[in-house]
Asks: 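Please find one structure pasted underneath; my questions will follow.
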Amino acid sequence: MLLDNIALFLIIVEKGSLSAAGREAGLSPTTVSERLAALEAHYGVALLNRTTRAISLTEEGRTLVKGAKQVLGEVEDLESRIRFGARNLSGPVRVSAPSDLGRNLVSDAISEFLAQYPGVSVELLLADGYVDIVGQGIDIAIRFGEITDSTLRLRRLPATRRVVCAAPGYVEAHGVPKTPVDLKAHNCLLMRFGGNLDNVWHLGIGEMKQILTVRGDRVSNDGALVRKWALEGHGIIMKSELDVGPDLKSGRLIELLVDYAAPPSPMQLLFPPGRNQPRRVRALADQLSVRFEAAKA
């Protein structure tokens, strides 16, 4: 019963309320409240701060969240090995990925993985902004750039370039920028990552390095939509080569400012804190790593 109550506690944290957790678990609000109270009584501490409008984790609650997912994952992995044998994998995996990358490369990798391991289920969450990996119960997150949270574990992937590009129709109508400063006269389609607007572009290496602020008439927090706008000829974008590589090869997009290409930026798989991961998580991480290596080849 303790493990069941811990699992319910994680659902409460993920959903943000007792009533939402009850709907997810098929339990009444009263039952959820009683089981939460039993869990808090077991540990002798409050795990949640509750008001009429919101809940938040206490320090003890945060500690439980960090450890509980690992413990429950190991229990589920052990049950899977006992029930189905050491070679079979089963159980859920939650993956977070940038929207454009998730719809394409990551989705394809997951399809291949599920064909090999039909006992596993994968929930793919697409978001280009900040994601609380621990709070949302994420098993694997794919992220660009340097990671500042030292508590997360990571597996490095091949570094990837961000490419400045536009559709042939846009180039024909508005001309080709010769230097980065020429971008100031062009319509640049911009991404918003959480609260941060990606309008400061870093281009070039060494003496060629330039940093400039660009502007445009369209902004979105969805990378797939920004790429769609570019394909329709609405402006210039700066996107990962993993996102626009097929468009560049087909000629649907044209790379611009090649002489000012920025150096590759880091990319990694992120995992919540903890010593061990369920075998299904490790296996999917391996599958994703192989796909990213192949995409860079």
Side-chain angles (χ1 to χ4, degrees), residues 10 13-14 57 62-74 76-77 89 91-110 112-114 117 120-163 191 193-196 198 202 221 223 238-243 245 262-297:
L10 292 181
V13 174
E14 177 191 338
L57 287 166
R62 282 190 287 271
T63 300
L64 181 58
V65 168
K66 289 180 180 180
K69 193 169 186 303
Q70 176 186 344
V71 171
L72 292 174
E74 290 176 350
E76 189 168 4
D77 191 40
L89 301 179
V93 182
R94 302 191 85 207
V95 180
S96 171
S99 64
D100 210 356
L101 193 66
R103 287 183 172 93
N104 298 291
L105 190 150
V106 176
S107 177
D108 291 343
I110 289 173
E112 293 177 359
F113 180 79
L114 293 179
Y117 301 107
V120 177
S121 64
V122 177
E123 182 176 355
L124 177 58
L125 307 174
L126 304 181
D128 287 304
Y130 169 79
V131 174
D132 181 357
I133 294 174
V134 174
Q136 295 191 24
I138 302 298
D139 295 297
I140 305 172
I142 300 107
R143 287 294 178 265
F144 296 105
E146 296 291 348
I147 304 302
T148 58
D149 188 344
S150 60
T151 67
L152 300 176
R153 292 175 299 152
L154 62 86
R155 181 191 296 190
R156 295 199 179 278
L157 298 170
T160 180
R161 289 192 309 130
R162 294 186 73 199
V163 179
M191 276 289 304
F193 298 99
N196 299 318
D198 183 34
H202 297 250
N221 64 349
M238 188 174 184
K239 288 275 288 176
S240 165
E241 61 185 331
L242 293 174
D243 294 332
S265 59
M267 187 176 182
Q268 48 267 312
L269 300 179
L270 300 179
F271 309 92
R275 292 183 180 179
N276 299 312
Q277 301 161 325
R279 290 175 58 249
R280 61 183 179 276
V281 174
R282 297 197 301 271
L284 180 53
D286 291 342
Q287 179 79 12
L288 290 168
S289 295
V290 168
R291 285 295 302 229
F292 282 112
E293 291 282 357
K296 290 289 294 181

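None of the values given here were measured: they were computed from a predicted structure.
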Asks: Do L154 and L269 have side chains that approach each other closer than 4.5 Å (heavy atoms only, starting at C-beta)?
Replies: no
Asks: Which heavy atom of I142 sits nearest to which heavy atom of P98, and what is that distance?
Replies: O-CD, 3.2 Å
Asks: Which residues satisfy the ring pair (Phe, Tyr, Trp, His ring centres under 6.0 Å) test with F144, sequence neighbours excluded?
Replies: none
Asks: Measuring from atom CZ of R156 to atom CD of Q268, what distance do you get when rounded to the nearest 0.5 angstrom?
Replies: 5.5 Å
Asks: For the residue pair P273 and V134, establish whether any side-chain heavy-atom pair is separated by less than 4.5 Å.
Replies: yes
Asks: Between V13 and L57, which heavy-atom pair has the shortest distance, and what is it?
Replies: CG2-CD2, 3.7 Å
Asks: So how far is it from D286 CG to R279 CZ, rounded to the nearest 0.5 Å?
Replies: 11.0 Å
Asks: Check whether any side-chain heavy atom of Y117 lies under 4.5 Å from a side-chain heavy atom of R280, and answer yes or no.
Replies: no
Asks: Quick one: closest heavy-atom pair of A159 and P264, and the distance?
Replies: CB-CB, 3.6 Å
Asks: Is there a side-chain contact between E293 and P158 (heavy atoms, below 4.5 Å)?
Replies: yes
Asks: Taking it one step at a time, do R143 and D128 satisfy salt bridge (charged side-chain N to carboxylate O under 4.0 Å, His left out)?
Replies: CA-CA 9 Å; R143 287 294 178 265; D128 287 304; over 6 Å; no
Asks: When rounded to the nearest 0.5 angstrom, what distance separates CG in L125 from OG in S99?
Replies: 12.5 Å
Asks: Please assess R161 against K239 for the test side chain to side chain contact (heavy atoms under 4.5 Å, CB included), listing each intermediate value before the final yes or no.
Replies: CA-CA 8 Å; R161 289 192 309 130; K239 288 275 288 176; over 6 Å; no
Asks: Kindly determine whether E123 and D139 satisfy side chain to side chain contact (heavy atoms under 4.5 Å, CB included), including the steps that lead there.
Replies: CA-CA 10 Å; E123 182 176 355; D139 295 297; over 6 Å; no
Asks: Is the backbone N or O of T160 less than 3.5 Å from a side-chain atom of S265, with the two atoms forming a donor-acceptor pair by type?
Replies: yes
Asks: Does the side chain to side chain donor-acceptor pair (under 3.5 Å) test come out yes or no for S289 and R155, once each step is laid out?
Replies: CA-CA 9 Å; S289 295; R155 181 191 296 190; 3.1 Å; yes
Asks: Among residues at least two apart in sequence or on other chains, which ones pass side-chain contact (heavy atoms from CB on, under 4.5 Å) with D198?
Replies: R162, M191, F193, W201
Asks: Search all heavy atoms of V120 against all heavy atoms of L114 and return the closest pair with its distance.
Replies: O-CD2, 3.2 Å
Asks: Is there side-chain contact between L105 and R291, with at least one heavy-atom pair below 4.5 Å?
Replies: yes
Asks: Any side-chain heavy atom of L152 within less than 4.5 Å of one from F271?
Replies: no
Asks: Which atom pair, heavy atoms only, marks the closest approach of A283 to L89?
Replies: CB-CD1, 3.5 Å
Asks: Using 0.5 Å steps for rounding, measure from the OG atom of S96 to the CG atom of L270.
Replies: 9.0 Å
Asks: Step by step, work out the side chain to side chain donor-acceptor pair (under 3.5 Å) result for D108 and N104.
Replies: CA-CA 6 Å; D108 291 343; N104 298 291; over 6 Å; no
Asks: Between L124 and I110, does the side chain to side chain contact (heavy atoms under 4.5 Å, CB included) criterion hold? Intermediate values first, please.
Replies: CA-CA 9 Å; L124 177 58; I110 289 173; 4.1 Å; yes
Asks: With the side chain counted from C-beta on, respond yes when V95 and I138 share a heavy-atom pair under 4.5 Å apart, and no when they do not.
Replies: no
Asks: What heavy-atom pair brings V106 and A97 nearest, and what distance separates the two atoms?
Replies: CG2-CB, 4.2 Å
Asks: Would you indicate whether the side-chain heavy atoms of M267 and L101 approach each other to under 4.5 Å?
Replies: yes
